[in-house]
Structure formats: C-alpha cells, structure tokens
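Just below is one structure, and these are the notes that go with it.
Quantities reported herein were computed from a predicted structural model and do not represent experimental measurements. No hydrogens, no waters, no symmetry mates; every other heavy atom, side chains included, goes into these values.
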Amino acid sequence: MDETFEQLTVAGTVESVLYKNAANGYIVLTLSANDEMISVNGNLGDIRPGEKLSLTGRFEDHPKYGLQFRARACERTMPATEEELIKYLSSGIIEGLAPKLAVNIVQFFGTETLAALENAETLTTMPGMKLSSAVHIATEYQKVTTFKKLTEFLKEYGISADAAFALWNMYGAAATAMVKENPYILCDRDVGVPFEAADNLAAELGENQNGEQRVLAALTAVLTENLDGGHTCLPEKDLRDIVTTRFDINPTAAEECLLGAVEHSVLAAVGKGDSDKRRIYLPEYLEAEVYIAKRLSDMLKEPTNAEPESIEREIDAAEWTAGIKYAELQKEAIRKCFSHNLFILTGGPGTGKTTALNAVIDICKARKITVCLAAPTGRAAQRISELTTCPAKTIHRLLEVEVADDRSPMTFRRNEDNPLRCGAVIIDEMSMVDVLLFDSLLRAVPRGCKLILVGDSNQLPSVGAGNVLRDLSRSGVVPFVELKEIFRQAAESLIITNAHKIIRGELPDLNVRDKDFFFMRTTTDEETASTALNLVSARLPKAYGISPFDDIQVVCPTKIGPTGTARLNMLLQEALNPADGHKAEAKFFDRVFREGDKVMQVRNDYNIEWVRAGEKGTGIFNGDIGVITEIKRRDGQVMINFDGRAARFQTSQLGEVDLAYAVTIHKTQGSEYDTVVIPLTDIAPRLLYRNLLYTGVTRAKKRLILIGKQETVAVMVERNLKINRYSSLRQLLLKSLSD
C-alpha cells in the first residue's frame with residue numbers, strides 16, 4: 001500500500017463479521033459509525049460484533065464490498081451497553097457460551113457483565129449457574145482478554161495483529177509474558193517480525209545490547225536472511241563479523257553466544273578448529289545435508305546387478321524402436337543409468353537429454369520397472385510429460401504434500417515409513433530443487449530404487465537454499481554424464497547455437513535476420529518498452545499468425561523499472577485486454593485484474609480446488625499460467641482457467657496471482673514458450689550476468705527477440721558470475737563415503 005495516501009480515522013461499533021482468516025487475522029466486517037454502515041477490512045485479529053473500534057487507514061474500492069475502509073491500525077474498546085454486551089457475547093467469542101445463556105448473564109449482571117466474567121465465583125451468584133460452568137466461562141474469557149492485551153501491547157511498537165495471532169497460536173495466554181521476557185521470540189520464522197522491529201521493542205524493555213537473547217537472535221536473523229541468497233550456512237568468521245558490525249555487538253559476546261548455541265543445538269556447525277573453515281547452520285539445514293549425504297552414499301554403495309551384454313541389447317532395441325542412432329555419450333548415459341543406482345544427466349538445449357531419457361524409460365518399461373517421473377513445477381512436469389509420453393507430477397504431488405493452512409509446516413505422506421512404490425525415480429529440471437525438498441524426496445525413495453537426476457547446471461539455481469545439482473555433479477563421486485554435442489537438427493536453430501555461445505562466454509550472433517533469434521537495437525528504456533509492446537500486440541501476431549496470449553511470452557530480468565514486469569504488465573494489459581465497460585474487474589491493492597487477463601500463480605497453494613472435464617483435484621502451483629474467465633463481484637469470486645483446470649479463487653486470494661503478460665526469468669524456469677521477447681535495458685548491475693541471460697534465452701522454442709543495447713548483451717555474456725552458495729553437501733558426501 002502506498003503510505004503517502006492520507007490516513008483517516010473512523011470509529012464505531014462492529015455490527016457483523018463477514019469474513020475471517022484465523023491463520024493471519026485478516027477480517028472483513030461491518031462497522032456502525034455515526035448512523036452509517038462502513039465495510040472494513042484489514043489484519044485486525046479476532047474481532048467480534050459489539051466491540052467498539054477506532055480505526056486508522058484509508059478508503060478503497062474493494063471488488064466485493066465496493067467502497068471499503070482498509071484499516072492499518074486498530075484501537076479496541078469493549079462493549080458497554082447491555083445491547084452491545086449481548087451482541088458481543090452471543091457472537092461465539094467465549095467458547096461454549098450459548099447465546100441464550102449470554103442474554104441471561106447480561107440481564108443479571110447488567111453493565112458489570114465483563115467484570116463478572118473475570119471471576120468464576122462472581123458468576124456463581126447468578127441463579128442456576130453451576131460452578132463448573134462458571135469456571136469454564138471465566139477461563140475462556142480470560143483467554144480473550146489476554147489476547148486483546150497482547151495485540152494492544154504489540155501495537156504500541158508497530159507490530160501487526162497477524163504477528164500477534166501467530167504468537168497466540170504458539171504460546172496462548174502466556175504470549176505477552178513471554179514477549180516481555182524475550183522480545184526476540186517475535187523473530188521466529190512462524191511469526192515473521194524483522195529483527196530490527198523486535199530489537200526496538202527489546203531496547204524499550206531494557207534488553208542488554210550484548211545479552212545472550214539479543215546476540216542469539218542476531219545470529220539467527222543473519223543466517224535466515226542468507227537463506228534467501230541460497231546459502232544453507234555461513235563461515236563462522238563471516239557470521240560473527242556481520243553480527244558484530246551490523247548490530248554493534250561485542251565480538252567476545254558474539255563468540256561466546258555462538259559456541260553456546262552450537263553446544264546446545266540451537267545452531268549447528270560443520271568442521272572444527274579454524275573459524276574460517278567451520279560453518280554455522282540453522283539446524284534443519286544441516287540435518288537435511290547430513291541426511292542427503294548419508295542416503296546418497298548408501299545408494300552409491302548398493303550393488304546393481306548390472307549385466308553389460310543385456311544393456312547393450314536393450315540399447316540396440318531402443319534404437320530400433322525409436323528409429324534413431326544414439327550418440328556415444330547418450331549410450332554412455334543410458335548404460336550408467338542401469339549400472340548405478342544414482343546417476344546425473346546434464347546438458348544444454350539440443351544435446352539430446354530427452355532422447356536419452358526416453359530410451360531409459362522404454363528400457364524400464366521393458367524390464368517392468370515402475371517409473372516415477374517428476375519435476376519441481378507444474379509447467380516443468382507438463383513439459384517433460386509431453387516430451388516423454390510418460391505421466392509426470394510435481395515433486396510435491398509425487399510426495400503427496402499435506403498443508404493444513406498458511407501457518408502449518410508442510411509435510412509429505414510419502415517418507416521412510418511410506419515410500420514410493422517404484423523401481424526408478426526420474427527428476428527433471430533438477431537445478432531448481434533446493435536442499436529441503438531434495439531431503440524430503442530422498443526420504444520417500446525406496447531402498448534399491450534407481451534415482452536419475454536430469455538438468456542443466458548452467459541455468460539459475462533453486463530459489464530455496466542450496467545448489468544441489470551443481471554440488472553433486474562436481475563432487476567427483478556421483479556417476480555423471482554431460483551431453484555436449486549439438487545434434488544436426490538442433491544446430492539449425494540459432495536459439496540453441498547462441499545459447500551455447502553464451503554459456504561458453506562468446507557473444508551470440510546478433511546480426512542474422514532469417515532464423516529464429518533476433519536482436520532489435522534500442523537506446524532508451526522507453527524505446528525498449530514501446531518496441532516490446534508493439535511486437536507483442538501487433539507485429540508478431542501479424543507476421544506469424546500467433547496469439548499474443550498463448551504463443552508469446554515477455555520475459556524480463558527484473559520486476560522493477562521502465563522495462564520491468566510491473567510496468568510492462570500494465571502496458572500490455574491495456575493493449576491486449578483493455579477495460580471496455582463489459583468486463584468485470586477486481587482490484588487487489590494497486591493491481592487491477594479483469595476478465596480475459598493472462599495471470600500467473602506466484603506461490604504454491606495446495607488447497608485450491610479445480611475441475612477439468614469432470615475430474616476434480618486440488619492445488620495450483622507457483623509458475624502455473626492461466627486466464628481469468630469470470631469475476632463475480634457480488635460473490636467475491638474469481639474463476640481462472642489453468643490449462644483446462646478451472647479454479648475458483650476468493651478475491652482475498654488475489655495476492656497469490658499476478659498479471660503474466662510479462663514475467664521474470666526466475667519465474668520461467670522449467671517452462672518453454674513458442675515465442676519469447678526479452679527487454680534488456682534498465683537492468684541493475686547485480687542482474688547483469690551470464691546464467692541469467694542463458695536461462696532467459698533457453699525458454700524460447702520457435703523464436704526469440706532480444707531488445708536493447710549490444711553492450712548490455714556483451715556485459716552479461718562476459719560476466720560469468722559463479723553461483724557460489726555456502727553449503728557443505730559435497731564435503732559431507734565425501735566424508736560419508738569414506739566412513
């Protein structure tokens with residue numbers, strides 16, 4: 001929300017609650033203010049009819065409720081009149097208190113009702129009130145008042161109601177006391193308050209700057225922040241230096257706290273002695289790396305009953321069936337798939353990974369080996385399924401993910417106690433798989449099962465922490481084949497040959513005009529944006545008879561700036577799907593969605609239901625692209641079709657989707673599009689590197705258009721930014737094998 005808008009204050013009594021999310025405290029309610037009914041929304045916590053509120057925020061046009069007050073802060077006053085008290089207590093605020101009994105209590109105690117509810121003995125003075133009932137009512141009411149005190153206490157320090165909700169879910173009535181005892185519990189990942197906010201509160205409460213609680217929270221905060229950079233750990237010296245400098249902590253205090261945290265398993269460490277060599281972890285990440293190393297070392301040691309003569313006959317049969325002749329490296333890859341229980345197959349576009357993979361699948365079928373084929377995203381799974389004609393799932397679907405709500409940890413039904421039922425597991429787009437997901441996958445792989453990892457280590461690494469494919473392929477102990485030969489048919493594609501030039505550090509050919517790779521020179525951001533807009537909306541559809549929705553994808557290095565996805569999405573939406581008075585619209589903060597818009601799911605949601613040709617299922621995943629088919633303003637619902645799956649969203653869930661006329665390169669991993677347009681101006685220096693350009697270029701199947709300056713392309717090609725991520729996976733694997 002734009003904080004420059006004028007903040008207003010409204011006050012009144014809650015008439016009704018229309019919607020409530022117990023996980024994050026988001027609520028939609030009706031407020032009676034000066035004889036006027038106002039619709040209100042915001043993360044305000046567990047508010048009930050009858051409460052008096054003073055709200056600070058601004059008015060917005062909400063797609064479901066029309067003009068609505070978006071509240072950013074809330075002061076609550078408990079109901080005072082008998083009418084307000086009856087409405088409040090009849091709302092279910094006190095568990096087990098029936099509306100009829102609520103009325104009787106208010107009629108007996110009058111305006112002193114709330115004071116009476118605090119004390120079970122006082123409640124028993126009411127005729128017919130049993131002691132057991134009085135104790136239950138008083139206990140439940142005390143829970144309500146302590147939550148109210150918690151939200152009011154945290155609000156004084158600018159900490160939101162949804163954080164209060166998370167704390168309440170974790171600690172119940174003791175939450176306020178626990179925060180006062182240790183304000184840094186607010187930094188717990190399930191609460192999500194930044195260290196700086198908790199630190200401000202701690203300073204107000206007189207927390208020692210070098211106290212153990214503050215130092216431990218600072219260490220944990222730095223490790224957590226670095227997960228976003230892909231690091232599963234940090235060198236001990238680097239971690240201590242960051243903490244002491246950034247948070248003005250005494251070096252001795254930092255060292256002592258770190259040693260104690262490792263000793264008591266609050267943090268974890270690999271290595272001994274020199275702090276330059278010892279690495280510090282959040283425990284779950286070291287546990288994951290240790291398990292991966294041990295499990296893979298076991299797989300490498302397991303016998304395979306390989307029969308060289310048999311596999312050669314099977315390769316010959318697969319060649320005959322497919323009507324092709326495999327290259328020697330492809331044959332080597334196929335042999336290694338069956339002579340080892342763990343194998344990695346990598347290679348760039350056009351090198352025949354899919355051809356080799358199809359041979360492996362065919363031989364597995366001939367041997368009656370059940371194959372489980374999976375990929376990290378829905379689009380990647382759909383793509384590999386189409387290329388191999390073997391059904392594929394997302395890894396999460398394969399493992400049968402379970403997620404109760406936004407605050408609950410993700411779990412999988414498939415694990416050591418309930419493994420997959422198959423003889424071979426093949427994972428495509430392995431570069432996208434992070435440490436925690438790979439740990440969960442390995443726990444579900446049965447003993448004696450083959451595990452085949454397929455990917456392109458030159459693409460961008462996983463969004464989550466770790467660089468699993470790169471670490472394993474460079475370990476020197478995992479059987480590995482990298483396909484390098486570009487096959488004749490693929491070599492005719494300038495997209496493929498230029499992609500290989502890029503990864504070798506050579507400038508791609510930007511002057512050819514009669515193939516599938518085009519470069520359009522522009523000098524300014526505005527010229528680049530207008531060129532992209534004209535290409536997508538007019539020139540490409542006219543020249544090739546293709547759809548700007550189905551066949552063309554704008555792919556950007558960044559979200560921000562004149563040629564970032566945010567601005568280009570607005571321009572392309574206006575050009576391709578303008579408002580016309582007939583298409584319904586839904587607004588979510590600063591974004592407008594309308595019927596006919598192309599959208600992308602930007603986070604995994606395992607609970608959204610969908611229907612496809614009579615089939616029902618749940619789950620829409622990060623990277624899935626769809627089209628808004630209907631917006632029901634009156635019902636607050638949005639229907640989105642994701643490749644034939646019709647899914648129903650509430651308007652409050654529109655934060656899970658974004659316009660998809662333009663998407664970032666990171667979001668396209670695992671996907672391919674017929675025609676890709678990439679604007680290459682106004683790019684932050686940190687995004688000018690080879691792997692990012694290579695990943696964007698390799699998203700195109702039939703044609704690619706780069707727009708921008710040749711100097712920008714040259715800088716990206718030259719800057720071979722190694723995606724080095726701190727991890728101990730390789731060392732742990734080697735140690736596990738030696739043990």
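- Residue Asn622 forms a side chain to side chain donor-acceptor pair (under 3.5 Å) with just one option from Glu656, Lys667, Gln601, Arg603, and that option is Lys667.
- By the 4.5 Å heavy-atom criterion applied to side chains, Phe438 and Leu441 are counted as neighbours.
- With rounding to the nearest 0.5 Å, the separation of CG in Leu571 from OH in Tyr661 is 12.0 Å.
- Environment of CG in Leu259: crowded, with over 12 heavy atoms of neighbouring residues, nucleotides or ligands closer than 6.0 Å.
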Tyr673 and Thr668: CA distance, side-chain angles, deciding distance, side-chain hydrogen bond (donor to acceptor under 3.5 Å, both in side chains) verdict
CA-CA 9 Å; Tyr673 312 93; Thr668 65; 5.3 Å; no
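- At least one donor-acceptor pair closer than 3.5 Å links the side chain of Thr695 to the backbone N or O of Leu460.
- No option in Asp674, Thr675, Asp551 other than Thr675 meets the side chain to side chain donor-acceptor pair (under 3.5 Å) test with Arg703.
- Under the 3.5 Å distance criterion, the side-chain polar atoms of Asn691 are matched with a main-chain donor or acceptor of Asn458.
- Interatomic distance, CG of Asp643 versus CG of Asp624, reported as 7.5 Å (0.5 Å rounding).
- Judged by distance alone, the side chain of Arg725 and the main-chain N or O of His231 form no donor-acceptor pair under 3.5 Å.
- A distance of 7.0 Å separates CZ of Arg730 from OG of Ser475, quoted to the nearest 0.5 Å.
- Residue Met432 comes nearest to Gln669 through the heavy atom pair CE-O, 3.4 Å, listed as atom of the first residue, atom of the second, then distance.
- With hydrogens and angles ignored, the 3.5 Å screen pairs a side-chain donor or acceptor of Thr524 with a backbone N or O of Glu527.
- Side-chain contact annotation: Asn250 with Asn210, donor-acceptor N/O pair under 3.5 Å absent.
- Taking 4.0 Å as the cut-off between side-chain N and carboxylate O, Arg246 and Glu225 count as a salt-bridged pair.
- Residues Thr522 and Thr528 have side chains that bring a donor and an acceptor to within less than 3.5 angstrom of each other.
- Side-chain contact between Thr377 and Phe621 is absent, with no heavy atoms from C-beta onward closer than 4.5 Å.
- Using a 4.5 Å heavy-atom cutoff, the side chains of Val713 and Pro508 are in contact.
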I would like to know whether Ile395 and Val433 meet side chain to side chain contact (heavy atoms under 4.5 Å, CB included); could you show each step before the answer?
CA-CA 9 Å; Ile395 297 173; Val433 178; 3.7 Å; yes
Please test Arg214 against Asp199 for salt bridge (charged side-chain N to carboxylate O under 4.0 Å, His left out), starting from the C-alpha separation and ending with a verdict.
CA-CA 8 Å; Arg214 182 173 188 264; Asp199 204 32; 2.9 Å; yes
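- Between Thr563 and Pro679, the closest heavy-atom pair is O-CG, 3.8 Å.
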Let me see the working for Leu704 and Phe518 under side chain to side chain contact (heavy atoms under 4.5 Å, CB included), right down to the final yes or no.
CA-CA 6 Å; Leu704 173 80; Phe518 305 92; over 6 Å; no
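- Annotation for Leu507 and Val717: closest pair N-CG1, 4.1 Å, computed over non-hydrogen atoms.
- Heavy-atom contacts from other residues, nucleotides or ligands closer than 6.0 Å to NZ of Lys701 number more than 12.
- Remark: the backbone N or O of Val599 is not paired with any side-chain donor or acceptor of Asp597 at under 3.5 angstrom.
- The aromatic rings of Tyr184 and Phe195 sit parallel, their planes meeting at an angle under 30°, below the 60° perpendicular limit.
- With hydrogens and angles ignored, the 3.5 Å screen pairs a side-chain donor or acceptor of Ser440 with a backbone N or O of Leu436.
- Rounding to the nearest 0.5 Å gives a distance of 9.0 Å between CG of Leu437 and OG of Ser462.
- Side-chain contact check for Asn467 versus Ser727: every heavy-atom pair is 4.5 Å or farther apart.
- No donor-acceptor pair closer than 3.5 Å links the side chain of Gln382 to the backbone N or O of Gly378.
- Salt bridge annotation for Arg567-Glu526: present, with a cationic side-chain nitrogen under 4.0 angstrom from a carboxylate oxygen.
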Could you walk me through whether Glu429 and Arg383 pass the salt bridge (charged side-chain N to carboxylate O under 4.0 Å, His left out) check?
CA-CA 11 Å; Glu429 297 291 350; Arg383 174 174 167 267; 3.3 Å; yes
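- Minimum heavy-atom separation, Gly708 to Phe519: O-CZ, 3.3 Å.
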Could you walk me through whether Asp509 and Lys501 pass salt bridge (charged side-chain N to carboxylate O under 4.0 Å, His left out), step by step?
CA-CA 9 Å; Asp509 192 335; Lys501 281 187 174 183; 5.0 Å; no
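- By the 4.5 Å heavy-atom criterion applied to side chains, Arg594 and Gln573 are counted as neighbours.
- Counting only N and O atoms by type, the side chains of Asp516 and Ser493 include a donor and acceptor under 3.5 Å apart.
- Within a 6.0 Å radius of CD in Gln209, other residues, nucleotides and ligands contribute more than 12 heavy atoms.
- Taking all atoms of both residues into account, the shortest heavy-atom contact from Val478 to Ile344 is CG1-CD1, 3.6 Å.
- Of all the heavy atoms in Phe549 and Leu576, the pair that sits closest is CZ-O, 3.7 Å.
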Would you sort out whether Lys237 and Glu255 count as a salt bridge (charged side-chain N to carboxylate O under 4.0 Å, His left out), showing the intermediate values?
CA-CA 9 Å; Lys237 183 178 183 302; Glu255 183 176 7; over 6 Å; no
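- Side-chain contact of Gln553 with Arg699: a donor-acceptor pair under 3.5 Å is absent, judged by distance alone.
- No side-chain N or O of Asn226 forms a donor-acceptor pair with one of Tyr726 less than 3.5 Å apart.
- A side-chain N or O of Thr232 and one of Glu289 form a donor-acceptor pair less than 3.5 Å apart.
- Rounding to the nearest 0.5 Å gives a distance of 6.0 Å between CZ of Arg278 and CG of Leu258.
- Taking CD1 from Ile427 and CG from Leu345, the interatomic distance works out to 13.5 Å, rounded to the nearest 0.5 Å.
- Within 6.0 Å of CZ on Arg504 lie more than 12 heavy atoms contributed by other residues, nucleotides or ligands.
- Between Lys709 and Glu711 there is no salt bridge, since no side-chain N of the basic residue sits under 4.0 Å from a carboxylate O of the acidic one.
- A donor-acceptor pair is defined here as one N or O able to donate and one able to accept, closer than 3.5 Å; such a pair exists between the side chain of His500 and the backbone of Pro349.
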Tell me, with the steps shown, if Ile705 and Ile707 meet side chain to side chain contact (heavy atoms under 4.5 Å, CB included).
CA-CA 6 Å; Ile705 301 95; Ile707 311 171; 4.1 Å; yes
Report the C-alpha distance between Phe642 and Val627 in whole Å, list the side-chain angles of each, state the deciding distance to 0.1 Å, and finish with yes or no for side chain to side chain contact (heavy atoms under 4.5 Å, CB included).
CA-CA 7 Å; Phe642 293 93; Val627 175; over 6 Å; no
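- When atom types are taken as modelled, the side chain of Asn569 and the backbone of Ala662 share a donor-acceptor pair closer than 3.5 angstrom.
- Side-chain contact between Glu485 and Thr351 is absent, with no heavy atoms from C-beta onward closer than 4.5 Å.
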